[in-house]
Each structure stands twice: as C-alpha cells, then as structure tokens.
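So that the names make sense, note that chain A is the first sequence line, chain B the second, and so on, each numbered from 1. Scope of the values below: all heavy atoms of this structure, side chains included, with no hydrogens, waters or symmetry mates. Bear in mind the structure is a predicted one, so any value in this text is a computation, not a measurement.
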Amino acid sequence: MHELTLAAGILDIVQHNVLAADAARVRAVRVRVGDLAGVVPGSLQFCFEAIVTGTPFAAASLAIERVAAVAECRECGCTTGLSGPQFVCPACGALGMAVLCGEELQVVDVELDDAMARAS
Amino acid sequence: MSVVTIERKVLQKNDTLAAANRERFASNGLLVLNIVSSPGAGKTTLLEATIEQLRDRARIAVVEGDVQTDLDAQRVAKYGVPVVQIVTNGGCHLEANLVADAVGSLDLDQVDLLLIENVGNLVCPANFDLGEAMKVVVLSTAEGADKPLKYPAMFRKAAVLIINKVDLLPYVSVDVAEIRRHALQINPYLVIFETAATSRLGVTEWCDWLVAKLTAGHA
C-alpha cells in the first residue's frame, strides 16, 4: 500500500506548485504512471481521493496517464514493447533488456477552473 | 481551464534524501546493503549468520525496519553490534528520511558495513531508494519459483539474490534452477547465492563475496 505515500507525495508537490489561494480551483491533477512503476492505478486514485478530502484541494481529481513499457536489447539493439515481466529479446533471445520508458511516476500539471473566482 | 505545468517526479523528495545518504555513506567509506524480501524469507537469520561470520573481519552496524515490533533488533543485538530500530507503525517500507534519522545515532566512522533490513514486502520497498550501495533480495525456496516474475521490479533493482532455505528443497516442489532462470530473465546481472541461513549452509560463500566488496571499496 505504498500508493498512500505516493498520493501524499503528489499532494505535496501540488501544494508547492499552486498558490494557496488557487487550491479550490484545482480540478484535475495529471500524473504519468509507467507500466513498470509498480503502482496500482485504481489504488492510487482511491488514496488520492481519500487524502484530499477535507483539504482545500477536495475538488481535485487525479487523471492518470499510463505509459507503456518499451525496452531495447543490449545485444542486437532492437526495440520492443514489454507486455509481460520477462525481459527477453524477442529477436535474439538475449536477457535483461534495457528499459527505455515505462518507469515514469511524475506529476505532469494541474488544471485550474477559470470560471471560479479566485479567493481573495 | 488554465494549466499549471509541474513536471516533477513523485519520489523526487525521497530520491534527493537518498542521494544525500549515499554521499554521507561514501564519505565514511561505508558499504551499505538494503536487504529486502517477503515476510519470513529469512532476512534476520541471514543477518545473524552474516554478522557471526564477519564481525571479526569488519565493523558492522544494523538498521532494523519493522512494522510493529523490535523483536528483530533484539535478536541482532545479541551479536554485540550496534543496532537501530525503525518502527514504521504500519508503513510497508523504509524511506530515505527514516534511514537518515536512524543512522544519526551511529558513529559511522566506526562502521565498515551497514546492513539495513527493510520491512518484509516484495513490492513497496522497490520504489524507495535509501542511499544503499545495493539491494540484496532474499527469496526462500518455499515461496515458489514464480516470484521473480510476479515481483519483477524488486528483482530488476537488486544486485544480489540469495535463495534461502535450500534445506527445505526435499519438502517443497520447487526447482532452484527454475528460480535462477526466472530471476536472470528479469536481471541477467544478478549475483546469486544459495543458502540455508539457519544451518549456516552457503553463508561462507556470501560472506567471502561481501568481504571482497568491502576490500575493493576501501582500496
């Protein structure tokens, strides 16, 4: 259940990047989660909702953008999408392909509601 | 809608603290291991066996991570090495700041080898760098040969795999060669040892390898 720690980390980053006066205007927090990041998206969603409840960010929802895993063979150089956990090159059979993407765990941006007047 | 661009790693804070730990450990010439496994794989017994063999060859200290108790720290303290307990109170993994606080009470100049026993969990600790030189994953034979495939992140990030409880092999339908094959598919650079920590079988090979690492680090 490290998703709770991650949700707290996401909220912390948002708090540091959004003016306190704009907190209630945050509608969506966009995060990028790679397929190899070891994160359960549904669980992260649940934890984020739980952690913003009762805070000025209560209206914010978490928008999760998945990133598929892609790896490159260290032997033959071919690039392939990884669908399972086995890092075996489909072309030459070499083991332990190098991961190019799919490990992301980032806060991308937040969307603010323009219609809502800024709290003064 | 207006957009505020952020583009920050969620674990940036932990990564920064881990980097600071790593720098501190390096300046003290310390070799730091982050020992991970599922609950009951034998981390603490392996620690005991390792300390028993190495305490005359290296100055060892231990950081014990536990969800609720200090039972493991009590076991390790019997071997006469400094041990610091971190109780996470339900937390499923150690984080870099907890380790930074814990080592504050140790005299790191007097330590060559720092063994950090993480919370028993093959999932969450994979994401949290503590500033260690390497992760050592312990897998007991009774857990089954499919575990490297089911928990690939941990096996991909580890430098060493210790297949423990090989003395149980006559009683469990597990093939060590299959564990090895699965683990190497995930991470072909893994250094693998086979042990039965309770009876100290295979522990010498592991300890000799560690001593070589220590010597190389201090050369």
Could you tell me if the side chain of Val4(B) sits less than 4.5 Å from the side chain of Val14(A), heavy atoms only?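 No - every pair of side-chain heavy atoms lies 4.5 Å or more apart.
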
Heavy atoms, side chains only, cut-off 4.5 Å: are Met1(B) and Arg27(A) in contact?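 With C-beta onward as the side chain, the pair touches.
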
So which part of [X] gets closer than 4.5 Å to some heavy atom of chain A, the side chain, the backbone, both or neither?
X	result
Val3(B)	both
Glu95(B)	side chain
Lys13(B)	side chain
Phe128(B)	side chain
Tyr189(B)	side chain

Test Glu103(A) against Lys157(B) for salt bridge (charged side-chain N to carboxylate O under 4.0 Å, His left out), laying out the working first. CA-CA 12 Å; Glu103(A) 296 185 299; Lys157(B) 291 177 180 174; 5.1 Å; no

Over all atoms of both residues, closest heavy-atom pair of Ile13(A) and Val10(B):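 Closest heavy-atom pair between Ile13(A) and Val10(B): CD1-CA, 3.7 Å.
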
Minimal non-hydrogen separation, Gly96(A) against Pro188(B), with atom names: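 Shortest heavy-atom separation between Gly96(A) and Pro188(B) comes out as CA-CD, 3.2 Å.
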
Should Arg30(A) and Glu7(B) count as an ion pair when the cut-off is N to O under 4.0 Å?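 Salt bridge between Arg30(A) and Glu7(B), a charged N being under 4.0 Å from a carboxylate O: no.
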
Does atom CD of Glu23(B) have more than 12 heavy-atom neighbours from other groups under 6.0 Å away?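 No, not enclosed.
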
Checking side-chain polar atoms at under 3.5 Å, does Asp114(A) have a donor or acceptor matched by the opposite partner on Ser2(B)?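 The criterion, which ignores hydrogens and geometry beyond distance, is satisfied for Ser2(B) and Asp114(A).
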
Interface moiety of Ala37(A) toward chain B, non-hydrogen atoms closer than 4.5 Å: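 The backbone, not the side chain.
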
Among His16(A), Arg32(A), Met97(A), Glu104(A), who wins on heavy-atom pairs under 4.5 Å with chain B?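 Ranked by heavy-atom pairs under 4.5 Å with chain B, first place is Arg32(A).
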
Specify which of Val99(A), Val39(A), Asn17(A), Val108(A) makes the most heavy-atom pairs with chain B at under 4.5 Å.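 Among Val99(A), Val39(A), Asn17(A), Val108(A), the one with the most close pairs to chain B is Val108(A).
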
Highest number of heavy-atom pairs under 4.5 Å with chain A: which of Val123(B), Leu149(B), Leu11(B)?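 Result: the option with the highest number of such pairs is Leu149(B).
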
Step by step, work out the side-chain contact (heavy atoms from CB on, under 4.5 Å) result for Asn127(B) and His2(A). CA-CA 9 Å; Asn127(B) 277 338; His2(A) 63 305; 2.9 Å; yes

Can you check whether anything in residues 168-185 of chain B gets within less than 4.5 Å of chain A, heavy-atom wise, and list it by number?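 Residues in range: Leu184(B), Gln185(B).
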
Taking only heavy atoms into account, what residues of residues 40-49 of chain B are found under 4.5 Å from chain A?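 The residues closer than 4.5 Å to chain A amount to none at all.
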
